[in-house]
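A quick write-up on the structure given underneath.
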Amino acid sequence: MKIKAYIEQLFPADPAIRYRWRLLCVKAGFVGLFLIVMGRLIMIQGLNASKYREAARKQYEARVVLPAVRGSIYDRDGNILASTSTFVSFTADPQIASDDERFIASQFSLCTGKPEQEYLQKLKTDLRFVYLEKHVRPDLAAKIPLSKMAGVVKMNDPVRMHHYDEFASQIIGATNSQNAGVSGVEREFDPVLRGTDGFVIMQKDGLGRKRPSTDYPRQEPINGHSVYLTIDFTYQSIAEEELKKGIQQTKAEAGIVVMLKPSTGEVLAMANYPTTNLNDIGNADALKNRTIGDMFEPGSVFKIVTASAALSANVVSLSTHFYAEMGRYHVTFADGRSRTISDTHGMGDVTFADAMAHSSNIVMAKVSNLIGADRLYTQARNFGFGISTGIELPGEISGELKKPAEWSGATLNSMAYGYEVGVTPLQIVSAYGAIANNGILMKPYILRNETDAAGTIVREGTPQMIRRVIPEDVARQVKSMLVGVVDHGTGKGAALKGTTIAGKTGTSRKYVNGGYENGVYNASFVGFFPAEDPEVAILVIIEHPAMEYYTGAMASVPVFRAIAERIINNNGALTRTMVAERSGSIVLPDVRTLAAKNAASMLETIGMTVHIVGNGTVVRHQSPDPGNALAAGSIVELITTEDATMAHLVPDLRGMSARRAVNTLGSEHLIAVLIGSGCVVSQTPEPGVPVRAGEKIVMHCEPNQISTAQLY
Amino acid sequence: MGKKRNHIDPLTFIVVIVLMGVSTFIVYSASSAWALQNLKSESGLVNKHIVKVLIGLVVLFIGIGVDYHKYKDYTKAVLIGAIILLVVTKVFGGETKGAVRWLSIGGFSFQPSEFAKFALLFHLSTLLSTKKEKLNDLKKGFLPLLMWVGAVSVLVLAQPNFSMGGIIFMLGMLMMFIGGARIKHLAYSMLALVPTLLVYMLTAAYRRQRVLAYFGFGDNPEGLQKAKYQLWQGIIGFGNGGIFGVGMGQSKQRDLFLPESYGDFIFSIVGEEYGLIGTIIFMTVFLLILLRGLRIAKHAPDDLGKFLALSITVSIVTYALGNAMVTLGLVPTTGLPMPFVSYGGSAIIFSAFAVGVLLNISSQTEMNPRLAPIEPAPVPAVKPQPSVGKVF
């Protein structure tokens with residue numbers, strides 16, 4: 001009724017009333033629209049404002065990543081092995097760039113010296129993305145007039161530099177194109193090496209142009225930590241060189257050398273052959289660290305387990321006599337099956353010690369019957385076989401040590417001379433380390449320490465005892481047996497004048513595709529010296545040598561001997577040159593403790609850009625660290641301090657190996673002058689005399705006897 | 001003018017002057033980035049705007065000063081002139097975005113449609129005041145009026161300027177509705193318009209797409225993407241302002257995110273810089289203009305004044321509401337300026353003149369009476385007190 005009345009009033013006869021009603025309608029309509037608009041405003045600006053604010057923020061801000069510098073990798077003495085340099089890459093969209101391809105090609109040709117044709121070729125393609133040039137040094141890249149080139153884009157390109165090409169490739173490991181570690185130390189320590197990228201928020205306008213904003217926080221990148229390995233540059237180099245030599249001489253396919261320090265478990269070297277150049281990886285398979293990732297049937301080198309078990313159980317002594325069956329021993333097992341065990345050199349009546357020296361399988365088999373399955377198994381387990389060592393490297397396998405319950409009738413005898421068991425090279429050398437270390441097994445480790453970007457040590461690798469494997473007197477007895485092996489047994493070839501070497505030869509088979517390779521033998525020798533107070537344990541495996549070098553004695557012993565000789569005589573003359581020196585980068589000198597002004601001008605003359613942090617007069621710290629190879633124009637940050645105590649006390653270098661002395665002086669910013677070679681016998685100035693950084697220390701060296709010299 | 005004059009309506013006057021003044025700040029902020037990019041000077045656009053504001057102020061005072069009755073005899077001639085101008089523009093005019101809308105006379109370009117709109121509204125007011133009694137009659141009252149409305153609308157539509165033509169037609173209809181035309185006649189006229197508009201709409205691809213897209217149909221042509229983007233950026237501007245706004249001159253949307261941030265979408269910049277508080281005040285100002293305008297119409301001394309006041313008020317408020325609704329995404333995107341505030345052609349000048357006329361009407365009402373001199377105060381040597389003689 002009401003509605004009808006209203007409608008009627010829209011058509012009133014009286015014009016005055018009609019006018020008033022219609023005007024009211026118009027007024028109400030407008031006011032209604034105002035209310036709708038205001039409601040909408042309240043919705044957008046009040047209730048849903050946060051949603052639009054977020055959308056606004058997103059389009060105003062551009063997050064630009066400030067990449068963290070990946071930490072460096074050093075050897076135990078601070079020799080730099082891997083570091084990061086920022087290079088530049090140029091990419092192009094040929095569809096756009098083809099308009100002035102001649103200009104682009106000529107400019108790039110001027111910059112790199114390559115023919116123009118090469119760049120023209122790259123631009124003649126249907127692709128929308130090509131790399132014109134990768135890894136260009138920043139100073140050269142700056143010469144490219146990018147603003148005049150449509151379709152060419154410059155990208156920062158952090159390049160991981162491996163300073164010694166194929167050196168320790170399997171330990172150091174490779175990085176991928178995103179600069180993330182994919183193998184070795186690069187992968188294992190990737191989380192700490194990588195650092196944390198920072199960012200800066202740029203303001204953007206509608207055309208996408210950016211400008212830095214002071215309103216937004218800037219998150220500085222946290223540069224990656226550096227890692228110092230227990231690896232010794234000299235030892236690793238020697239190991240690699242001698243391994244390669246040995247493999248070539250014996251026409252072998254491959255080989256492995258592992259060196260560790262028995263008293264601590266520090267890994268000093270891990271050499272794999274074949275290897276590959278980390279700066280130009282040709283053979284990715286060669287990146288596998290086979291010292292921890294390959295399983296071998298160890299053969300005779302495993303006899304220390306049998307000997308340790310037998311001596312610990314008191315079932316034999318070194319002088320216990322056995323009949324060695326003149327080299328052929330027919331055995332019938334409880335299940336009725338039988339087999340013949342044979343020795344390479346047939347012998348008659350021998351002592352247990354001689355059986356070891358001449359590597360008699362027959363005697364070991366007989367001894368294993370006295371030990372029994374459980375005790376032999378436990379002994380092997382205690383030496384660390386069948387369990388991964390836990391070294392800080394990726395890809396370690398645990399090997400294979402069957403429990404007695406899974407053994408067949410032949411297993412006890414077979415295992416006594418190293419068959420039916422799977423071990424890694426590192427496990428072998430670690431077990432020999434336990435003998436050398438008076439029966440205490442140390443955990444092998446490779447991280448000496450980790451330092452943050454400012455050089456402060458944040459983590460230190462420390463020796464870790466795993467367990468006492470055998471009593472000390474048993475260790476001594478086994479050691480004497482191993483000395484016998486080198487003195488008058490199968491390992492005679494390893495003997496060196498002036499040093500007592502303990503060791504054991506072996507012939508092993510490699511585990512491949514679910515079984516051990518038949519007829520393919522690997523010659524191994526593992527030993528340590530000086531026997532009285534072992535400093536280093538070394539395992540050499542030469543894989544698949546030519547038939548005439550079939551046994552460990554023939555293929556591995558000479559390699560072991562060559563390595564030992566060079567270590568002992570400190571003949572560290574290495575043929576390697578640093579990659580950095582070849583590729584035009586500049587190796588950063590150490591300017592720490594220098595006056596800031598001098599340091600800056602020194603760095604500037606070699607083409608660095610210097611940023612001085614702090615108001616001090618003396619450089620306390622420099623970033624990147626000395627020894628890093630940088631492209632010309634790179635920024636070097638010098639952190640200064642007021643502390644002017646620049647005086648150093650000359651360290652006591654006497655008794656140190658020449659190389660160690662040089663490294664020690666280097667870390668004290670002193671300059672070494674060597675006279676002679678070998679070990680330091682005297683020095684001027686005397687230890688304890690205050691000197692300034694950069695002063696020369698003269699050292700007289702003489703070749704030394706290993707028994708008296710300290711390797712470390 | 002021998003007639004006795006009272007004060008003009010102070011509220012309307014203040015509000016419009018303030019709007020025109022504030023518009024210079026807003027246009028400066030909203031246009032600086034665009035002007036820097038395109039004119040190499042941050043103030044390149046606002047300078048032109050200031051010139052127009054100043055001309056606007058002049059014509060505002062002219063409007064206030066001239067007795068509105070004087071227009072009565074000229075509205076027909078002026079409207080015919082405007083129609084001729086529209087035709088001339090169609091033939092000789094300059095193009096904006098594919099439509100012929102501008103006419104340049106002696107280096108000064110203006111939009112004849114804007115002029116035609118006010119000419120039509122003035123003439124309608126004259127006709128409504130004289131033919132009021134006959135408006136019920138189709139042939140004698142309604143059709144002559146519709147003819148004028150139709151002529152102007154069709155010519156503007158033919159520019160082509162869909163939104164302006166449509167709005168002129170709607171304003172004409174609205175005025176006839178208020179004036180007392182029969183609902184039946186109005187309804188038929190509207191019905192006749194629908195097929196015309198449909199044909200018109202569908203003949204131009206970009207209009208079809210815009211309309212279809214608004215209702216969620218159709219493909220996404222580039223022009224539509226741009227319109228959608230502009231609307232989205234406009235709404236981001238409002239939202240980013242929140243309740244209190246980001247502060248005067250702090251707009252980020254104007255940094256080339258929001259196209260035409262200084263023109264049709266300037267209300268979004270107001271929302272961004274001054275927040276919900278600013279936009280509500282802004283809308284309240286136009287609501288105030290509506291209420292004051294209607295009040296002036298109510299108190300107008302005669303029908304001419306009444307209809308002039310109504311048409312001027314309704315026209316300005318329709319533009320303000322239409323612009324706000326476009327920028328807020330309540331209706332499809334069309335080109336409507338925010339009265340007095342948007343940078344743009346001649347609209348501000350015509351609007352200022354119209355408000356001047358409105359204020360002149362207000363001065364002839366009894367709304368703000370001058371204080372009658374209390375008897376012949378015999379102090380001839382002294383001039384009247386300034387407070388008495390002031391405009392308001």
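Lettering follows sequence order; numbering is per chain, from 1. Because the structure is predicted, anything quoted here is derived from the model rather than measured.
When all heavy atoms of Leu276(B) and Gln45(A) are compared, the pair lying nearest together is CA-OE1, 3.3 Å. Gly239(B) approaches Tyr52(A) most closely through the heavy-atom pair CA-CB, 3.6 Å. Contact record, Ala49(A) with Gly242(B): CB-CA, 4.1 Å, taken as the closest heavy-atom pair.
The structure places CG of Leu41(A) at 7.0 Å from CE of Met283(B), a figure rounded to the nearest 0.5 Å. Taken to the nearest 0.5 Å, the CG atom of Leu174(B) stands 10.5 Å off from the SG atom of Cys25(A). Taken from CZ in Phe307(B) to OH in Tyr19(A), the straight-line distance is 6.0 Å, to the nearest 0.5 Å. Atom CG of Leu290(B) is separated from atom CG of Leu33(A) by 10.0 Å, given to the nearest 0.5 angstrom. Put simply, CG on Leu328(B) and CE on Met43(A) are 10.0 Å apart, with the number rounded to the nearest 0.5 Å.
Highest contact tally toward chain A, considering only Ala320(B), Gly237(B), Gly271(B), is held by Gly271(B) [criterion: heavy-atom pairs under 4.5 Å].
Around atom CZ of Phe103(A), more than 12 heavy atoms belonging to other residues, nucleotides or ligands sit under 6.0 Å away.
In this structure, the portions of Gln253(B) lying under 4.5 Å from any heavy atom of chain A include both its backbone and its side chain. Heavy atoms closer than 4.5 Å to chain A are found in the side chain of Leu294(B), but not in its backbone. The contact between Phe267(B) and chain A is made entirely by side chain atoms (from C-beta outward), counting heavy-atom distances below 4.5 Å. At a 4.5 Å heavy-atom cutoff, the contact between Ile236(B) and chain A is made by backbone and side-chain atoms alike.
Side-chain contact check for Arg22(A) versus Ile183(B): some heavy-atom pair is nearer than 4.5 Å. Under the 4.5 Å side-chain criterion, counting only non-hydrogen atoms from C-beta, Met38(A) is not in contact with Thr279(B). Using a 4.5 Å heavy-atom threshold, the side chains of Phe34(A) and Thr284(B) count as separate. For the pair Leu287(B)/Phe30(A), no side-chain contact is recorded, criterion being any heavy-atom separation below 4.5 Å from C-beta on.
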Practice task
Could you check Ile36(A) against Leu321(B) for side chain to side chain contact (heavy atoms under 4.5 Å, CB included), going step by step and ending with a plain yes or no?
Solution key: CA-CA 10 Å; Ile36(A) 288 172; Leu321(B) 276 173; over 6 Å; no
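Residue pairs meeting the salt bridge (charged side-chain N to carboxylate O under 4.0 Å, His left out) criterion with at least one partner in residues 34-53 of chain A, sequence neighbours excluded, do not occur; the list is empty.
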